[in-house]
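Residue numbers run from 1 in the order of the sequence given.
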Amino acid sequence: MLEVVSIRSFSEQPDSVDQTCSQKAVTARRGGFLHGTKIATTSGWKLVEQIVVGDLVRTLDHGFREVRRVSADRVVIPEGETRAENLPIYVPAQAAYNGRPVWLMPEQGVALDLSKIDSEAGGFSVVPARLLSGKCRLSSQSPGPTFEVRTLFFDEDEVIFVQGGLQAFCSSGRFSMRPRPNRISYPVAEEEEAAALTELIAKKGDLSALANPLGALPAPIPQEPIFPIRPPSGIRRPGRPGRPNLPALFLRPEWQT
């Protein structure tokens, strides 16, 4: 049978391995967002389980993009599972810019700002969240034996903001894998490179490479056009010559007649 070992590759598992245990554990080795995770949208923070196709989600480089597909699943973690690669990553409150704890699936891609790690580098590199276990107070834990997970898909690969400004990578939901011209790509780091990048983060003790403070406070974006409010026809605003006098409440006593 096949067992998922990373977000980029697969390996064949020998028949001598306990197949029942492997089938149960492999369900946790995926990306997505646990129910209760808040996503930045035009309405501000919104729970991922409340997001539907057509909602506009804030992205790192392309403004607000429409969700094209949503997949839902129930993850089961067998009793006694302790392997970090099969457990979600727990981000405690205030570890980044999050006021409350956040959970990341082990294979959920996180976009690292390379300029925050190396001043001479630039761009972004996507690494799986499981490699962050044990770094900067992040750890591999289980929120429960079963939990719900949702995955969001867009027309193109996008990096969106999760509560706390965490930069989460969402792959394209298009069936055609042809890249579109003039689009920003987010390279997924190989296993060794990704491990080296997360080690650099651990040495610095700073999660700013994977969390954006500006993305931690999304403001609601009005969908209706805003027009200047003008007074009704025939009514003048006070304060200028030829317009009605100000109410007596706003005039000095010696001015009142």
Between Asp61 and Tyr186, is any side-chain donor less than 3.5 angstrom from a side-chain acceptor?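 Side-chain D/A pair, Asp61 to Tyr186: present.
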cation_pi(Arg58, Phe161) dist<6.0 Å, angle<=45: yes
Less than 6.0 angstrom from the centroid, inside 45 degrees of the normal: does Arg65 satisfy that with respect to the ring of Phe154? no
Could you check whether any side-chain N or O of [X] sits under 3.5 Å from a backbone N or O of [Y], counting only pairs where one atom can act as donor and the other as acceptor?
X: Ser172; Y: Asp155; value: yes
X: Lys38; Y: Gly164; value: no
X: Glu156; Y: Glu158; value: no
X: Asp55; Y: Val52; value: yes

Stepwise side chain to side chain contact (heavy atoms under 4.5 Å, CB included) check, Phe169 with Ile160: CA-CA 6 Å; Phe169 174 74; Ile160 67 174; over 6 Å; no
Can you name the ring-ring contact (aromatic ring centres under 6.0 Å, His included) partners of Tyr90, sequence neighbours left out? Trp103
Spacing of [atom1] belonging to [X] relative to [atom2] belonging to [Y], to within rounding of 0.5 Å:
X: Arg100; Y: Gln94; atom1: CZ; atom2: CD; answer: 12.5 Å
X: Lys204; Y: Leu207; atom1: NZ; atom2: CG; answer: 11.0 Å
X: Ile77; Y: Ser142; atom1: CD1; atom2: OG; answer: 3.5 Å
X: Glu193; Y: Ser125; atom1: CD; atom2: OG; answer: 5.0 Å

Quick one: do Val53 and Ile39 end up in the same hydrophobic cluster if we chain Ile, Leu, Val, Met, Phe, Trp and Tyr together by side-chain heavy atoms under 4.5 Å apart?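 They do share one cluster, since a chain of ILVMFWY contacts under 4.5 Å joins Val53 to Ile39.
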Is there a path of hydrophobic side-chain contacts, each under 4.5 Å between heavy atoms of I/L/V/M/F/W/Y residues, joining Val91 to Leu131?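 No, separate clusters.
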The criterion is side-chain hydrogen bond (donor to acceptor under 3.5 Å, both in side chains); which residues satisfy it with Asp118, sequence neighbours excluded?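 Checked Asp118 against side-chain hydrogen bond (donor to acceptor under 3.5 Å, both in side chains); zero matches.
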Given side chains that start at C-beta, do those of [X] and [Y] come closer than 4.5 Å, heavy atoms only?
X: Arg130; Y: Ser133; answer: no
X: Leu152; Y: Val70; answer: yes
X: Leu112; Y: Val127; answer: yes
X: Leu166; Y: Val110; answer: no
X: Met105; Y: Leu34; answer: yes
X: Gln163; Y: Thr37; answer: no
X: Phe33; Y: Cys170; answer: yes
X: Leu56; Y: Thr42; answer: yes

Before accepting this row, confirm whether a basic side-chain N of the pair Arg68/Glu66 lies closer than 4.0 Å to the acidic partner's carboxylate O. yes
Indicate the atoms forming the closest heavy-atom contact of [X] with [Y], along with that distance.
X: Tyr97; Y: Ala211; value: CE1-O, 3.5 Å
X: Phe124; Y: Ala111; value: CD2-CB, 4.1 Å
X: Ala168; Y: Gln108; value: CB-NE2, 3.9 Å
X: Thr198; Y: Lys135; value: O-CD, 3.4 Å

Check the pair Glu81 / Leu87 against side chain to side chain contact (heavy atoms under 4.5 Å, CB included), numbers first and verdict last. CA-CA 8 Å; Glu81 178 61 73; Leu87 296 174; 4.2 Å; yes
